[in-house]
Amino acid sequence: MITHLAIFVSGSGTNCENIIRHFEGNPSVKTALVVSNRADAFALERAKRHGVPTAVVPREAFADAGRLLPLLEEHRIDFIVLAGFLLMIPSFLIEAYPRRIINIHPALLPKFGGKGMYGHHVHEAVKAAGETKTGMTVHWVSEVCDGGEIIAQFETPIDASDTPDDIAAKEHLLEMEHFPRVIENVLQGLDAVSQGQ
């Protein structure tokens, strides 16, 4: 059985492309759709280069079950990965995909999570707090912003001389190294459960 993956994005899409590349040639996982709330997200271009279908779903349509769910059904989506996606996930989607939506956050949750904590805001907050380490968190999506159960965390040290840009670069390396593998491990776990192993 093939798992059809959707990746939700809002920006450049480095994680998105990294995930697409990771699963290319994998007989069990197909990146079937990349969805963005922004038409100008470069992630859409990255997806097209790899032959992955794309869709732009603006904010108002994203809150409409009658528009979003049929799109996902059309592409037979089984599992959703948020990779730099900046909108809150509506309740109807969480109910339609229970424990089948995961998110990446650029800090060690529960620190530096919640409303307004995304992208460079996170790294600036980490720097301002004088943290000696940062990292990435992969977690299940719930109706609480950044509040879902943690699946995996990876950390990296911070030097006192590091700028927010330096912190961002260190954290991004963790994402590139670990995120696709965490997704693969989660999917293998779900597959084992569905087969009664």
Side-chain angles (χ1 to χ4, degrees), residues 3-36 41-43 46-47 50 52 77-86 89 97 99-114 117-127 129 131-142 145-159 162-193:
T3 298
H4 291 78
L5 200 67
I7 306 173
F8 286 14
V9 296
S10 294
S12 170
T14 52
N15 268 308
C16 175
E17 187 167 26
N18 197 33
I19 294 163
I20 291 170
R21 283 180 172 149
H22 181 81
F23 288 113
E24 279 177 342
N26 186 314
S28 302
V29 182
K30 177 184 180 182
T31 306
L33 182 66
V34 170
V35 176
S36 177
F42 190 65
R46 293 180 191 270
H50 290 270
V52 176
I77 300 304
D78 304 301
F79 196 89
I80 299 169
V81 175
L82 311 185
F85 186 69
L86 300 183
I89 299 301
Y97 288 86
R99 285 184 79 83
R100 289 184 176 270
I101 310 174
I102 63 174
N103 181 44
I104 188 169
H105 185 77
L108 296 170
L109 292 175
K111 287 186 171 183
F112 308 106
M117 283 288 105
Y118 63 90
H120 219 65
H121 298 292
V122 174
H123 307 304
E124 289 168 354
V126 168
K127 174 65 177 178
E131 296 289 309
T132 57
K133 64 182 180 181
T134 191
M136 58 168 272
T137 301
V138 182
H139 64 93
W140 294 107
V141 171
S142 72
C145 182
D146 297 327
E149 180 187 344
I150 291 171
I151 298 167
Q153 290 185 313
F154 302 90
E155 60 184 52
T156 184
I158 298 173
D159 298 325
D162 282 345
T163 66
D165 284 343
D166 295 329
I167 294 169
K170 287 182 174 183
E171 188 275 329
H172 192 63
L173 287 174
L174 293 178
E175 295 181 358
M176 292 295 102
E177 180 179 356
H178 297 292
F179 195 23
R181 185 170 50 81
V182 171
I183 297 166
E184 186 168 13
N185 289 344
V186 169
L187 293 177
Q188 287 173 345
L190 290 174
D191 195 41
V193 169

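No hydrogens, no waters, no symmetry mates; every other heavy atom, side chains included, goes into these values.
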> For the atom pair OH (Tyr118) and CZ (Phe85), what is the distance rounded to the nearest 0.5 Å?
Replying inline: 13.5 Å
> For His105 and Val122, what are the C-alpha separation, side-chain angles and deciding distance, and is it a side chain to side chain contact (heavy atoms under 4.5 Å, CB included)?
Replying inline: CA-CA 9 Å; His105 185 77; Val122 174; 4.1 Å; yes
> Any side-chain heavy-atom pair from Lys133 and Leu108 closer than 4.5 angstrom?
Replying inline: yes
>> A side-chain contact here means heavy atoms from C-beta on lying under 4.5 Å apart; do His50 and Glu24 qualify?
In response: yes
> Rounded to the nearest 0.5 Å, how far does CZ of Phe42 lie from CD of Glu17?
Replying inline: 8.0 Å
> Is a side-chain N or O of Ser36 found less than 3.5 angstrom from the main chain of Val9, in a donor-acceptor match?
Replying inline: yes
> Of all heavy-atom pairs between Gln153 and Thr137, which one has the smallest distance, and what is that distance?
Replying inline: NE2-OG1, 2.9 Å
> Looking only at heavy atoms, what is the nearest atom pair of Ala107 and Thr134, with distance?
Replying inline: CA-OG1, 4.3 Å
> Is there a side-chain contact between Phe8 and Leu33 (heavy atoms, below 4.5 Å)?
Replying inline: no
>> What I'd like to find out is whether the side chain of Ile183 reaches to under 4.5 Å of the side chain of Leu187, using heavy atoms alone.
In response: yes
> Side chains of Met136 and Glu155: does their closest heavy-atom pair fall under 4.5 Å?
Replying inline: no
> Nearest 0.5 Å, what's the NE2-CG distance between His178 and Asn185?
Replying inline: 11.5 Å
> Can you tell me if Arg46 uses its side chain to pair, donor with acceptor, with the backbone of Ser12 under 3.5 Å?
Replying inline: yes
> Any side-chain heavy-atom pair from Ile89 and Ile101 closer than 4.5 angstrom?
Replying inline: yes
> Which heavy-atom pair separates Cys16 from Val34 by the least distance, and what is that distance?
Replying inline: SG-CG2, 3.7 Å
> Given Leu82, which of Asn103, Ile104, Ile102, Val35 fulfils the side-chain contact (heavy atoms from CB on, under 4.5 Å) condition?
Replying inline: Asn103
>> Taking the side chain as everything from C-beta on, heavy atoms only, tell me whether His139 gets closer than 4.5 Å to Leu109.
In response: yes
>> As a quick check of understanding, evaluate side-chain hydrogen bond (donor to acceptor under 3.5 Å, both in side chains) for Asp165 and His120, giving each step before the final call.
In response: CA-CA 8 Å; Asp165 284 343; His120 219 65; 3.0 Å; yes
> If every non-hydrogen atom of Thr156 is compared with every non-hydrogen atom of Lys170, which pair is closest and at what distance?
Replying inline: CG2-CB, 3.9 Å
> With distance as the sole test, does Lys30 use its side chain to make a donor-acceptor pair with the main-chain N or O of Thr3 at under 3.5 Å?
Replying inline: no
> Are Ile80 and Arg100 side-chain neighbours, meaning at least one heavy-atom pair lies under 4.5 Å?
Replying inline: no
> Which value, rounded to the nearest 0.5 Å, describes the distance between Glu177 atom CD and Leu174 atom CG?
Replying inline: 7.0 Å
> With no hydrogens and no angle check, is any side-chain donor or acceptor of Asp146 less than 3.5 Å from a backbone partner on Gly114?
Replying inline: yes
> Judged by atom type as modelled, is there a donor-acceptor pair below 3.5 Å linking the side chain of Asn18 to the main-chain atoms of Met176?
Replying inline: yes
> Within the side chain of Thr31, is there an N or O that forms a donor-acceptor pair under 3.5 Å with the backbone of Leu5?
Replying inline: no
> What are the two closest non-hydrogen atoms of Phe112 and Ala125, and how far apart are they?
Replying inline: CE2-O, 3.5 Å
> Okay, side chain of Asn26, backbone of Val29: is any donor-acceptor separation there less than 3.5 Å?
Replying inline: yes
>> If you compare all heavy atoms of Tyr97 against all heavy atoms of Phe79, which two are closest, and at what distance to 0.1 Å?
In response: CE2-N, 4.3 Å
>> Out of the candidates Val182, Val138, Asn15, only one should pair with Glu175 under the side-chain contact (heavy atoms from CB on, under 4.5 Å) rule; please name it.
In response: Asn15
